[in-house]
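Structure, as structure tokens:
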Amino acid sequence: MIPVSHVLTLSAILFTIGVSGVILRRNAIVVFMCIELMLNGVNLGFIGFAYGMQSMTGVMFMFFVLIVAAAEAVIGLAIILAIFRNKGTVDIEEINLLRW
Amino acid sequence: MEMQLIFFYVFAVLSVGGALSVLLFRSPVYCAMALVGTFGFLSAIFILLNSEFVAAIQLLIYAGAIMVLFLFVIMLLNLRTDKSPGLTWSLPKLLGVAVSIGILSQMIGVINSPAAKIGPKDIFSPQYLDEKGSVKVIGEILFTDYVLPFEIISVLLMVAVIGAVIIAKRHDTDSGGEG
């Protein structure tokens, strides 16, 4: 029996690594990968709760998070592609049109 | 220590290592490969948590579909000409990372506090799932209790596909063609 608190700790660590990546990296594609990492950390948390509570609700939520992640990846990569066509870069420091 | 726990720790360390290499590798292709590895290790952890179907879905959708999409976009953009450094340290960014690590320590404190006791709340024990078949149980719940979210999420997927096509389409303004 794996302690649920250890699963949740791993989930929190993965989420934090994802947050740090979003803050630190400048390549928009790598920022997107770090967002996927955050979503995966959350998924691990859901599965950990489902395992500990012997419930199926966590598994269902994990499915929906997975599908939203897939939709988000598709739209986000299309946006990155369009930005690269217009500006010739994916460096998020140089994409600052809407910055105050 | 029992075998399950040893394997959990091994895969936990491997997945954290994979996540850190996503953060630290300079080339986007290496980052994508490290992320595929992380997804694989996480799917192994899902198997250890009695969720075999979720593990298969994780491998098929994340490692199989989403990461291939990422690699295609990296290939399409030809980022070898991109000379930006992998990591940049400035004061606001350091502050952000410090805050996120602070939140992590808070989360770990809450998770491991004695007040957070998680026990069995439902009937879906590992024995029950073995008896009925976990995929059958998941399908029954998905198409009874969760049928409305299921329908909505399928509409969301269709909208995402149409949106991606429209956003990524090349707009030929000079040729006078449609679109």
Side-chain angles (χ1 to χ4, degrees), chain A residues 1-2 4-10 12-21 23-27 29-30 32-34 36-37 40 43-44 47-56 59-60 62-64 66-71 73-75 77-82 84-85 89-91 93, chain B residues 4-5 8 12 15-16 19-20 22-23 28 31-32 35 38-39 42 45-46 48-51 54 57 61 65-66 69-70 73-74 76-77 79 82 84 87-88 93 96-97 100-101 104 107-108 111-112 118 120-122 124-125 137-138 141-142 146 149 153 156-157 160-161 163-164 167-168:
Chain A
M1 185 79 186
I2 301 165
V4 180
S5 60
H6 293 193
V7 181
L8 295 179
T9 307
L10 175 63
I13 290 171
L14 286 177
F15 187 84
T16 310
I17 293 173
V19 171
S20 311
I23 294 171
L24 289 175
R25 294 303 297 251
R26 290 176 61 184
N27 191 322
I29 294 178
V30 181
F32 242 81
M33 288 182 202
C34 291
E36 296 294 329
L37 205 57
N40 250 276
N43 278 348
L44 183 64
I47 296 296
F49 276 119
Y51 172 78
M53 298 170 113
Q54 301 191 348
S55 155
M56 275 290 145
V59 177
M60 293 299 134
M62 189 266 179
F63 281 143
F64 295 130
L66 195 87
I67 296 168
V68 171
V74 167
I75 292 288
L77 288 172
I79 291 173
I80 289 175
L81 215 59
F84 186 76
R85 281 211 193 104
T89 180
V90 289
D91 189 339
E93 302 273 314
Chain B
Q4 210 184 4
L5 208 54
F8 173 75
S15 58
V16 169
L20 280 176
V22 173
L23 183 62
C31 290
L35 198 54
T38 311
F39 289 158
L42 278 176
I45 290 175
F46 289 156
L48 291 175
L49 297 175
N50 296 326
S51 307
V54 168
I57 291 288
I61 295 184
I66 295 182
L69 196 68
F70 270 92
V73 171
I74 292 169
L76 220 64
L77 297 189
L79 291 177
D82 190 22
S84 65
L87 287 178
T88 47
K93 289 186 171 183
V97 172
S100 69
I101 289 172
L104 170 69
M107 280 198 284
I108 289 176
I111 287 164
N112 292 310
I118 297 162
K121 289 278 196 313
D122 215 333
F124 300 105
S125 63
V137 171
I138 287 171
I141 297 172
L142 188 62
Y146 289 87
I153 212 98
L156 173 79
L157 267 182
V161 168
I167 292 171

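Chain identifiers are assigned alphabetically (A, B, ...) following the order of the sequence lines, protein sequences preceding nucleic acid strands; residue numbering begins at 1 within each chain. The figures that follow rest on heavy atoms only: side chains count, while hydrogens, waters and symmetry mates do not.
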Could you pull out the closest heavy-atom pair between [X] and [Y], with the gap in Å?
X	Y	result
A:Leu24	B:Lys93	O-NZ, 3.7 Å
A:Leu81	B:Ala168	CD2-CB, 4.2 Å
B:Leu142	A:Phe64	CD1-CZ, 4.0 Å
A:Arg25	B:Val22	NH1-O, 3.4 Å
B:Ser100	A:Thr16	O-CG2, 3.6 Å
B:Phe46	A:Leu44	CE2-CD1, 3.4 Å

Looking at chain B, which one of [options] has the largest number of heavy-atom pairs inside 4.5 Å, strictly under?
options	answer
A:Ile79, A:Val4, A:Leu77, A:Leu37	A:Leu77
A:Cys34, A:Ser20, A:Ala50, A:Ala82	A:Ser20
A:Asn40, A:Leu14, A:Val30	A:Asn40
A:Ala71, A:Ala69, A:Ala78, A:Gly18	A:Ala78
A:Gly48, A:Ala73, A:Gly21, A:Ser55	A:Ser55
A:Gln54, A:Arg85, A:Met60, A:Met56	A:Gln54

Problem - Contacting region of B:Ser51 [heavy-atom separation from chain A under 4.5 Å] - result: side chain
Handout entry: Interchain contact, B:Leu69 with chain A, by part (heavy-atom threshold 4.5 Å)
Key = both
Practice task
Please flag which part of A:Ile13 lies under 4.5 Å from any non-hydrogen atom of chain B: side chain, backbone, both or neither.
Solution key: both
Practice task
Below 4.5 Å from any heavy atom of chain B, which atoms of A:Phe32 appear? Answer side chain, backbone, both or neither.
Solution key: both
Pick from [options]: which one has the most heavy-atom pairs with chain A under 4.5 Å?
options	result
B:Ala65, B:Gly163, B:Ala12	B:Ala12
B:Leu48, B:Asn50, B:Val161, B:Ile138	B:Ile138
B:Val97, B:Leu76, B:Leu49	B:Leu49

Practice task
Dump the intermediate steps for side chain to side chain contact (heavy atoms under 4.5 Å, CB included) on A:Met62 and B:Ile57, then the final yes or no.
Solution key: CA-CA 10 Å; A:Met62 189 266 179; B:Ile57 291 288; 5.7 Å; no
Practice task
Carefully, step by step, assess A:Leu66 and B:Val54 under the rule side chain to side chain contact (heavy atoms under 4.5 Å, CB included).
Solution key: CA-CA 10 Å; A:Leu66 195 87; B:Val54 168; over 6 Å; no
Nearest 0.5 Å please: distance from the [atom1] atom of [X] over to the [atom2] atom of [Y].
X	Y	atom1	atom2	answer
A:Met1	B:Leu5	CE	CG	11.0 Å
A:Ile17	B:Leu20	CD1	CG	4.0 Å
B:Phe70	A:Glu36	CZ	CD	4.5 Å
A:Met33	B:Leu23	CE	CG	12.5 Å

Problem - Heavy atoms of other groups near A:Phe49 CZ, more than 12 under 6.0 Å - result: no
Handout entry: Contacts of type side-chain hydrogen bond (donor to acceptor under 3.5 Å, both in side chains), residue A:Asn43, not counting sequence neighbours
Key = none
Exercise for the section: With side chain to side chain contact (heavy atoms under 4.5 Å, CB included) as the test, would you mind laying out the steps for A:Ile2 and B:Ile45 before giving the verdict? Expected result: CA-CA 10 Å; A:Ile2 301 165; B:Ile45 290 175; over 6 Å; no
Practice task
Start with the C-alpha gap between B:Leu104 and A:Val19, add the side-chain angles, then the distance that decides, and say whether side chain to side chain contact (heavy atoms under 4.5 Å, CB included) holds.
Solution key: CA-CA 10 Å; B:Leu104 170 69; A:Val19 171; over 6 Å; no
Fill in the blank from the handout: Given the options B:Ile108, B:Asn112, B:Ile111, A:Leu8 meets side-chain contact (heavy atoms from CB on, under 4.5 Å) only with B:Ile111
